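First the proteins, then the strands, lettered A, B, ... as listed; each starts at 1. What you are looking at is a predicted structure, and each value in this text was computed from that prediction instead of being measured.
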There are 2 protein chains.
Amino acid sequence: MTDEDLTARARIRDAAIRLFADRGMDGTTVRDIAQAAGVSPGLLRHHFGSKEGLREACDQHVLDLSMKIKAEIIIDGKMASPGFMPSVHPTVMLMYRYVTRALLDGSPAAAAMFDDMVLIAEQWIDKFAPDITQDRRGFAAVLVGMQSGLLAMHDHVSRNLGADMFATEGYTRLVEAMVDFYSSTLLDPTLAADAHRAMQALRDNHRGNQKEQ
Amino acid sequence: MTDEDLTARARIRDAAIRLFADRGMDGTTVRDIAQAAGVSPGLLRHHFGSKEGLREACDQHVLDLSMKIKAEIIIDGKMASPGFMPSVHPTVMLMYRYVTRALLDGSPAAAAMFDDMVLIAEQWIDKFAPDITQDRRGFAAVLVGMQSGLLAMHDHVSRNLGADMFATEGYTRLVEAMVDFYSSTLLDPTLAADAHRAMQALRDNHRGNQKEQ
DNA sequence: CAGCCGACTATACGAGCGTATAGTCGGCTG
DNA sequence: CAGCCGACTATACGCTCGTATAGTCGGCTG
């Protein structure tokens, strides 16, 4: 199926997803999107009402597509079937980029996805590592924030990697570095205790200052 | 020293740093900055030439201030002296926010700082954990990308924390969660090996597809 | 075939942006 | 005191943006 086979509405939406993912909502004009989709700017308004309406349609479409692929992997068990993961890889990369930008742009739908991921992380902690922290919610928020934040630093990470982290070569290298990272401890107990003490001191000082005023 | 004691040039620069940190470069107008500094918009142009010139001045000022505080901590050894860390804490938080936004906005100065941090991380790995990874550069890029990316996810992390992560309460909680995170292993060797195999498969498939074409 | 309706385009409007320019004012210098 | 110069303001220009409106076209329906 080529681009020309799609309805104009779908072409506009797909072009918007790509441009929003690349430049963000504010960095993309309706004229840019119209040109990329090969239609007139007025047609965006006809189909989506406004730029904000188009954004909501893009959010919804990305959400639907994510759920569909996730279902294929989990329910149909296609992860094992050869060729499936590589075939959806480009789409998954695009959705990563889109959701990450949407998080930075302040999209409500993306924020809801973030909150969902935090809940899932909390459940994971409960199940597999209940003693890892005293602040389960904080740990989960840090975990999800770091994961999605790493994607937000796309340009800088890719530059230091010497490869685009959303293309195959850079992506596999990135994941392997992350696996090393998650498999290791960077702080020994002594340093960890030092850090905890420093934070306690900062809190105490802050409370002291509040009293003075 | 109150705001009125500063020269107009310094007030403009400080107002710009705050607004750029909050809303980014594109989200801030020269009129906003002028109003926050209590001057006319034309004065920005008089002192800084253009909005881009103002950005460069802000970048430079933040860089200078960072180096100054870092020097006080390392050379003068003020970290131990009571009250010093809490006293610079608000400034440090502001600079964190500014640099993070600058990274997302594509500031060359911020990109250079990112690259510096990657180099420092590589040196740290060499010194303290030389066997932690086979891809030292990749590991360092992930480490720095996650650190700065976490700050970029400010709104979402704060929302899930129930506290502003750039204020004392949220910040100390965040750091303690990060310490737990850095002190622990989330993946056991079996899962890590699985992940490495999956990435190898993705690479092989990709090379295969390239040959076909 | 007449009428209609959705898809689509052409064009224009109003607001907000960065920037340019002309001018005012106060203090310093010779 | 005359002249100048930097700090600063008022105002406007030109552009781009999202949005609004009027109109064209083709196919479907009664």
Side-chain angles (χ1 to χ4, degrees), chain A residues 1-61 98 101-102 104-109, chain B residues 1-61 98 101-102 104-109:
Chain A
M1 183 161 75
T2 62
D3 276 6
E4 287 74 23
D5 294 333
L6 295 171
T7 64
R9 193 177 195 280
R11 266 185 296 131
I12 292 169
R13 187 235 296 133
D14 288 356
I17 289 175
R18 286 201 143 74
L19 288 171
F20 286 164
D22 276 347
R23 316 180 200 168
M25 173 108 172
D26 291 343
T28 307
T29 70
V30 299
R31 287 165 176 84
D32 289 339
I33 300 168
Q35 194 183 1
V39 299
S40 78
L43 194 58
L44 305 218
R45 176 155 217 283
H46 175 70
H47 279 303
F48 300 98
S50 69
K51 196 184 184 185
E52 179 61 28
L54 174 55
R55 195 255 290 268
E56 285 166 19
C58 290
D59 283 355
Q60 191 59 49
H61 184 70
Y98 179 86
R101 279 311 297 227
L104 298 175
D105 287 345
S107 150
Chain B
M1 184 161 77
T2 62
D3 276 8
E4 286 74 25
D5 295 333
L6 295 169
T7 64
R9 192 177 195 281
R11 266 184 297 132
I12 292 168
R13 189 235 295 132
D14 289 356
I17 289 175
R18 287 203 142 72
L19 287 171
F20 286 165
D22 276 347
R23 317 179 199 169
M25 173 108 173
D26 291 342
T28 307
T29 71
V30 299
R31 287 166 176 83
D32 288 340
I33 301 168
Q35 194 182 0
V39 299
S40 78
L43 193 58
L44 304 219
R45 176 154 217 284
H46 175 69
H47 280 302
F48 299 98
S50 68
K51 195 184 183 184
E52 178 61 28
L54 174 56
R55 195 255 289 267
E56 286 165 19
C58 291
D59 283 355
Q60 192 58 50
H61 184 70
Y98 179 86
R101 280 309 298 225
L104 298 175
D105 287 344
S107 150

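- Atom CD in Gln35(B) sits about 14 Å away from atom P in dG18(C), given to the nearest Å.
- Interatomic distance, Tyr98(A) OH to His61(A) NE2, rounded to the nearest 0.5 Å: 10.0 Å.
- Distance, Arg11(A) CZ to dC8(C) C1': 11 Å, rounded to whole Å.
- Among residues two or more places apart in sequence or in another chain, the salt bridge (charged side-chain N to carboxylate O under 4.0 Å, His left out) test is passed with Asp105(A) by none.
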Derivation of the side chain to side chain contact (heavy atoms under 4.5 Å, CB included) call for Leu54(A) and Ser50(A): CA-CA 6 Å; Leu54(A) 174 55; Ser50(A) 69; over 6 Å; no
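- In terms of modelled atom types and a separation under 3.5 Å, the side chain of Lys51(B) and the main chain of Thr28(B) share a donor-acceptor contact.
- Taking only side-chain nitrogens and oxygens, His46(A) comes nearer than 4.0 Å to OP1 or OP2 of dA7(C).
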Using a cut-off of under 3.5 Å, enumerate the N/O to N/O pairs linking the protein to nucleotides 13-19 of chain D.
unit_1	atom_1	unit_2	atom_2	d
dG18(D)	OP1	Thr28(A)	O	3.4
dG18(D)	OP1	Lys51(A)	NZ	2.5
dG18(D)	OP2	Val30(A)	N	3.0
dG18(D)	N7	Arg31(A)	NH1	2.9
dG18(D)	O6	Arg31(A)	NH2	3.0
dT19(D)	OP2	Lys51(A)	N	3.0

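- Atom P of nucleotide dT9(C) and atom CG of Leu43(A) are separated by 6 Å, given to the nearest angstrom.
- Here Arg18(B) pairs with nothing under the salt bridge (charged side-chain N to carboxylate O under 4.0 Å, His left out) rule; sequence neighbours left out.
- With sequence neighbours excluded, no residue forms a side chain to side chain donor-acceptor pair (under 3.5 Å) with Arg9(A).
- Listed pair His47(B) / dG6(D) fails the phosphate criterion, with no side-chain N or O lying under 4.0 Å from OP1 or OP2.
- Qualifying side chain to side chain donor-acceptor pair (under 3.5 Å) partners for Arg23(B), counting only residues two or more places apart in sequence or in other chains: Asp32(B).
- The strand DNA chain C forms stems, runs of 3 or more Watson-Crick or G-U wobble pairs with distances below 3.5 Å, at C:1-30 with D:1-30.
- Atom CZ of Phe20(B) is separated from atom C1' of dG18(C) by 12 Å (rounded to the nearest Å).
- In this structure, the side chain of Arg11(A) engages the main chain of Ala37(A) through a donor-acceptor pair within 3.5 Å.
- Rounded to whole Å, atom C1' of dT9(D) lies 12 Å from atom CG of Leu44(B).
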